[in-house]
Peer 1: 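Sharing a structure below in structure tokens format, with a few things to ask.
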Protein chains: 2
Amino acid sequence: MNDVFKALSDPTRREVLRLLKSGPRSAGDLADAFPVSRPTMSAHFNVLRGAGLVSTEKAGKSVIYHLNVSVLEEALLGFAGAFGLGTGVPPVSPPE
Amino acid sequence: MNDVFKALSDPTRREVLRLLKSGPRSAGDLADAFPVSRPTMSAHFNVLRGAGLVSTEKAGKSVIYHLNVSVLEEALLGFAGAFGLGTGVPPVSPPE
DNA sequence: ATGATATTTAGCTAATCATCTAATTGATGT
DNA sequence: ACATCAATTAGATGATTAGCTAAATATCAT
């Protein structure tokens with residue numbers, strides 16, 4: 001889970017996830033959406049994959065990235081939930 | 001909001017927030033809960049304060065740290081919400 | 001005013017990070 | 001086989017980060 005928060009700490013990576021929300025995309029397609037080099041984007045993809053936030057699938061010359069929503073959900077809501085946020089169900093003492 | 005995610009990327013800082021969830025605590029009291037030096041903890045506090053996640057109040061010799069839940073909520077659920085997580089209300093196209 | 005206590009700032013270091021260019025790998029088409 | 005295109009790895013660099021010790025600041029008590 002630390003890896004997930006580390007991954008989320010970079011705005012480029014958060015934006016990649018947001019783009020992936022609308023559906024799978026190739027590495028180059030994703031890279032085109034950012035003003036940095038492809039190798040740099042590749043490094044960001046590695047961090048996201050290391051955190052389990054995305055999965056890859058080979059399609060010819062391309063590599064398709066998929067968003068793993070469940071991993072995002074588990075980390076984000078898991079943490080938020082510890083503060084009584086997001087679920088509607090407080091963690092310790094319900095506000096009577 | 002980037003500052004918030006940057007702040008959350010460190011496990012020590014996330015734990016500080018979790019401790020603060022149960023109520024305000026002094027700097028030294030918080031520092032005692034971690035195996036690092038006080039100056040190091042002070043630096044972590046600065047990051048959390050810079051992100052707006054905590055506020056301070058002076059009380060005699062001590063400095064009391066308060067958790068700003070609203071800031072955490074806005075960032076965390078704001079981001080999660082963009083993925084249809086946490087609110088029960090999907091972000092773009094509601095499942096009819 | 002002196003001393004003790006709580007916290008922060010200053011200054012340093014080692015490690016990590018985001019970025020780049022150049023080179024490599026892998027797949028497709030001619 | 002060769003050229004081309006997509007993506008990654010290698011290797012380097014400058015910036016940021018988390019950590020430390022030592023020194024400074026602020027408050028309280030004597």
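Residue numbering restarts at 1 for every chain, and letters A, B, ... go by the order of the sequence lines. This structure is a prediction, so every number in the text was calculated from the model and none was measured.
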Peer 1: What is the distance, rounded to the nearest whole Å, between atom CG of A:Asp3 and atom P of C:dC17?
Peer 2: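 That distance rounds to 10 Å.
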
Peer 1: Quick one: is A:Ser37 getting a side-chain N or O under 4.0 Å of the C:dC20 phosphate, OP1 or OP2?
Peer 2: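 Yes.
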
Peer 1: Using atom NZ of B:Lys6 as one end and atom P of D:dT17 as the other, report the distance to the nearest whole Å.
Peer 2: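 After rounding, the gap between these two atoms is 6 Å.
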
Peer 1: Whole angstrom is fine here: how far is it from NZ in A:Lys58 over to P in C:dT28?
Peer 2: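 So the two atoms are 8 Å apart, to the nearest Å.
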
Peer 1: Do A:Asp32 and A:Arg38 meet the salt-bridge criterion of a basic N to acidic O distance under 4.0 Å?
Peer 2: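 Looking at A:Asp32 together with A:Arg38, the answer is yes, because their closest N to O distance falls below 4.0 Å.
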
Peer 1: May I ask you to decide if A:Leu8's main-chain N or O and A:Arg14's side chain share a donor-acceptor pair within less than 3.5 Å?
Peer 2: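 Yes, because the side chain of A:Arg14 sits within donor-acceptor range (under 3.5 Å) of the backbone of A:Leu8.
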
Peer 1: I need the CD1-P distance between A:Ile64 and D:dT8, as an integer number of Å.
Peer 2: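 A:Ile64 atom CD1 is separated from D:dT8 atom P by 11 Å.
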
Peer 1: Select base, sugar-phosphate, or nothing to describe what A:Arg13 touches, counting heavy atoms under 4.0 Å on all strands.
Peer 2: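 Sugar-phosphate contact only - A:Arg13 comes under 4.0 Å of backbone atoms but never of a base.
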
Peer 1: Under the 3.5 angstrom rule, does the side chain of B:Asp10 hit a backbone N or O of B:Thr12 as a donor-acceptor pair?
Peer 2: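 Judged by distance alone, yes, a pair lies under 3.5 Å.
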
Peer 1: Would you mind building the protein contact string for nucleotides 1-6 of chain D? One character per nucleotide, 5' to 3', B for base within reach (heavy atoms under 4.0 Å), S for sugar-phosphate only, - for untouched.
Peer 2: ----BS

Peer 1: Classify the nucleic acid contact of B:Tyr65 as base, sugar-phosphate or nothing, counting any heavy atom under 4.0 Å across all strands shown.
Peer 2: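 Contact class for B:Tyr65: sugar-phosphate only.
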
Peer 1: Using atom CZ of B:Arg25 as one end and atom P of C:dT7 as the other, report the distance to the nearest whole Å.
Peer 2: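 Taking atom P of C:dT7 as the reference, CZ of B:Arg25 is at 12 Å.
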
Peer 1: At under 4.0 Å, does any side-chain N or O of A:Ser42 touch on OP1 or OP2 of D:dA7?
Peer 2: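 Indeed not, no polar side-chain atom of A:Ser42 lies that close.
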
Peer 1: Rounded to the nearest 0.5 Å, how far apart are CE of A:Met1 and CD of A:Glu74?
Peer 2: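 The CD atom of A:Glu74 is 10.0 Å from CE of A:Met1, to the nearest 0.5 Å.
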
Peer 1: Where do B:Phe79 and B:Phe5 land on the ring-ring contact (aromatic ring centres under 6.0 Å, His included) test, with the steps shown first?
Peer 2: CA-CA 10 Å; B:Phe79 182 69; B:Phe5 276 99; 5.3 Å; yes

Peer 1: Relative to the 5' end of DNA chain C, which residue comes earlier, A:Ala59 or A:Ser9, by the nucleotide with the nearest heavy atom?
Peer 2: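 Its nearest nucleotide lies further toward 5', so the answer is A:Ser9.
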
Peer 1: Rounded to the nearest angstrom, tell me the gap between atom CZ in B:Phe45 and atom P in D:dA18.
Peer 2: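 Nearest whole value for this atom pair: 14 Å.
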
Peer 1: State plainly whether one hydrophobic cluster holds both B:Tyr65 and B:Met41, where clusters connect Ile, Leu, Val, Met, Phe, Trp and Tyr through side-chain heavy atoms under 4.5 angstrom apart.
Peer 2: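 Result: yes, single cluster for both.
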
Peer 1: Within less than 4.0 Å of OP1 or OP2 of C:dT19, is there a side-chain N or O belonging to A:Thr40?
Peer 2: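 Answer no for this pair, as no side-chain N or O of A:Thr40 is under 4.0 Å from OP1 or OP2.
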
Peer 1: B:Asn2 CG to D:dT16 P: how many Å, rounded?
Peer 2: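 The distance from CG of B:Asn2 to P of D:dT16 comes to 13 Å, rounded to the nearest Å.
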
Peer 1: Measure from CE on A:Met41 to C1' on D:dA7 and round the result to the nearest Å.
Peer 2: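 Taking CE of A:Met41 and C1' of D:dA7, I get 13 Å after rounding.
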
Peer 1: Between B:His44 and D:dG19, does any side-chain N or O lie under 4.0 Å from OP1 or OP2?
Peer 2: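 Answer yes for this pair, as a side-chain N or O of B:His44 is under 4.0 Å from OP1 or OP2.
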
Peer 1: Within the pair B:Asn46 and C:dT7, is there a side-chain N or O less than 4.0 Å away from OP1 or OP2?
Peer 2: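 B:Asn46 to C:dT7 OP1/OP2: no side-chain N or O under 4.0 Å.
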
Peer 1: Is there a donor-acceptor pair closer than 3.5 Å between any side-chain N or O of B:Arg13 and the backbone N or O of B:Ala7?
Peer 2: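 Yes, because the side chain of B:Arg13 sits within donor-acceptor range (under 3.5 Å) of the backbone of B:Ala7.
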
